[in-house]
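Keep in mind the model is a prediction, meaning the values are calculated, not measured. Numbering starts at 1 and runs along the sequence shown.
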Amino acid sequence: MTIDLKGNGLWGFGERFDKVNQIGLSRENHVYEVFTNQGANAYIPVPFCFTDAGEGLFVAASERFEFRSEKTDHGIRLEIPGGLEIKRFHGTPSEMLDQFGKCVKHPKLPPAWAFGLWISANRWNTQAIALEQAELSIRHGMKPSVIVLEAWSDETTFYRFDEKRFPDPAGMIKRLHDMGIRVILWQVPVFKKLEPGVSDPVHAADCSEAISLGLVALNPDKTPYVIPEGRWFEGSMIPDFSNPETKKWWFGKRQHLLDMGVDGFKTDGGEFVYGNDVLFHDGRTGREMQNAYPLEYTRAYNEFIGSDRVLFSRAGYAGSSQTPMHWAGDQQSTWAELRHVLTAGLNAGLSGLPFWTFDIGGFAGELPSAELYLRAFALACFSPVVQWHSEPLG
């Protein structure tokens with residue numbers, strides 16, 4: 001299908017890390033996970049775009065497809081596969097974003113406390129370290145609004161605190177709350193394939209029950225679908241959030257976390273559907289769910305936590321503004337990657353994703369220079385969330 005638009009600039013298509021003006025580019029409408037230097041890949045593709053001449057469109061479809069655009073003598077030509085539902089918009093950029101928002105629902109406003117300083121690091125893997133880092137931040141005049149704990153769980157079920165490393169999680173959360181700090185816990189939507197030699201009877205029972213109750217995505221032969229080799233969490237089954245019983249079971253295991261005062265979840269991952277023939281409870285296949293799965297995943301968590309808590313997600317799709325907030329995934333600590341997150345943030349906002357941020361100074365690789373870190377911090381001050389986060393060195 002060929003669509004001609006007026007204009008000299010073309011914006012949108014979701015969180016893209018390489019270019020802001022989309023003219024002359026091919027854009028794959030595909031949720032895809034890449035560790036650092038994402039380029040044209042997108043954790044959050046959005047099939048919405050508009051021009052500087054007041055024309056825009058939204059492809060109301062969740063399947064994977066490709067946009068191609070080129071400049072012509074009369075404006076911009078878009079090539080889109082036929083048979084897809086197209087919604088056309090006209091007006092100023094803000095008017096077209098509003099029209100698009102009505103199609104997918106306008107952004108949900110997070111609670112006020114979510115717009116403060118967020119602190120996090122993968123190496124904060126004990127209760128003592130988490131409390132120490134919170135106290136140090138306050139002592140140095142950088143009082144956080146939120147602390148994100150990634151390495152908090154048993155690393156098998158992802159709903160139980162590691163009792164040796166976190167001996168009194170309820171007491172820790174209360175102490176952090178008394179400091180005025182909210183607590184976010186890391187999540188990933190998998191029934192994890194454990195490493196050789198590792199076993200956990202609770203994990204084994206969960207996997208067996210999930211299969212017997214039909215709570216996981218399936219292959220065409222009705223065996224459990226697993227994440228392909230070479231991808232993050234390879235060999236793991238994924239929960240089927242299109243099934244109401246899956247949500248009831250999954251969040252029943254996590255209700256105790258809310259009961260002890262957890263303020264939300266870092267809903268990582270979700271880019272886990274890699275085949276067109278994967279089967280889901282509601283009749284959709286992998287063809288639709290490659291893009292829709294992270295949206296179903298975060299919607300399920302959003303329903304679970306209610307309006308006074310918040311999510312912090314990496315993957316999404318059109319409509320993800322209803323499950324805020326989002327961050328840009330993993331980048332290296334380099335100047336090039338700082339440029340990439342600036343580009344991605346602009347594109348996210350131009351695609352209707354306002355509540356977005358990134359890891360100040362990058363997440364991976366060598367420590368950033370002082371100048372790089374300060375420049376990244378300055379950029380973060382113009383983002384809805386100021387967040388520092390990093391992986392361990394060595």
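- Inter-residue side-chain proximity for Phe65 and Pro47 is flagged as met; some heavy-atom pair is nearer than 4.5 Å.
- Here Arg175 pairs with Glu135 in a salt bridge; the nearest charged N to carboxylate O distance falls below 4.0 Å.
- If you chain together hydrophobic residues whose side chains sit under 4.5 Å apart, Met260 and Ile184 never meet in one group.
- Look at Asp200 and Arg160 and you find a salt bridge, because one of the NZ, NE, NH1 or NH2 atoms lies within 4.0 Å of a carboxylate O, short of that distance.
- Under the 4.5 Å side-chain heavy-atom criterion for ILVMFWY residues, no single connected hydrophobic cluster contains both Leu149 and Val385.
- Among residues two or more places apart in sequence or in another chain, the ring-ring contact (aromatic ring centres under 6.0 Å, His included) test is passed with Phe358 by none.
- Linking ILVMFWY residues whenever their side-chain heavy atoms come closer than 4.5 Å, directly or via other members, leaves Tyr159 and Leu185 in distinct clusters.
- Closest heavy-atom contact between Ala315 and Gly269: CB-O, 3.6 Å.
- Using a 4.0 Å cut-off between a side-chain N of Lys or Arg and a carboxylate O of Asp or Glu, Arg27 and Asp18 qualify as a salt bridge.
- Relative orientation of the Phe50 and Phe48 rings is tilted, given thresholds of 30° and 60° on the angle between their planes.
- Taking the ring-ring contact (aromatic ring centres under 6.0 Å, His included) definition, one finds that Phe161 meets it with Trp152, Phe166, sequence neighbours left out.
- A salt bridge links Glu296 with Arg299: at least one charged nitrogen is closer than 4.0 Å to a carboxylate oxygen.
- Legend: residues meeting salt bridge (charged side-chain N to carboxylate O under 4.0 Å, His left out) with Glu28, ordered by chain and number and at least two apart, are Arg64.
- For the residue pair Pro384 and Phe115, the shortest heavy atom distance occurs at O-CD2, 3.5 Å.
- Shown here is Arg339, whose CZ atom has no more than 12 heavy atoms of other residues, nucleotides or ligands within 6.0 Å.
- Under the 4.5 Å side-chain criterion, counting only non-hydrogen atoms from C-beta, Phe363 is in contact with Asn122.
- For Glu66 and Arg68, the salt-bridge test passes: some basic side-chain N is under 4.0 Å from an acidic carboxylate O.
- With Arg314 as the fixed residue, the side chain to side chain contact (heavy atoms under 4.5 Å, CB included) test singles out one of Lys266, Glu15, Glu33: Glu33.
- Using a 4.5 Å heavy-atom threshold, the side chains of Asn347 and Phe13 count as separate.
- With respect to Asp263 and Arg309, no salt bridge is recorded, no charged nitrogen being found less than 4.0 Å from a carboxylate O.
- Applying the ring-ring contact (aromatic ring centres under 6.0 Å, His included) test to Trp388 and every residue at least two apart in sequence or in another chain returns nothing.
- Taking the six-membered ring where tryptophan is involved, the planes of Phe241 and Tyr293 are tilted, since the angle between them lies from 30° to 60°.
- Taking the side chain as every heavy atom from C-beta outward, Phe251 and Leu258 never approach each other to under 4.5 Å.
- Between Tyr301 and Tyr297, the ring planes lie perpendicular to each other; the angle is over 60°, past the 30° to 60° tilted range.
- Within 6.0 Å of CZ on Arg287 lie no more than 12 heavy atoms contributed by other residues, nucleotides or ligands.
- Listed by chain and number, the residues in a ring-ring contact (aromatic ring centres under 6.0 Å, His included) with Phe158 are Trp186 (sequence neighbours excluded).
- With sequence neighbours left out, Glu155 forms a salt bridge (charged side-chain N to carboxylate O under 4.0 Å, His left out) with no residue at all.
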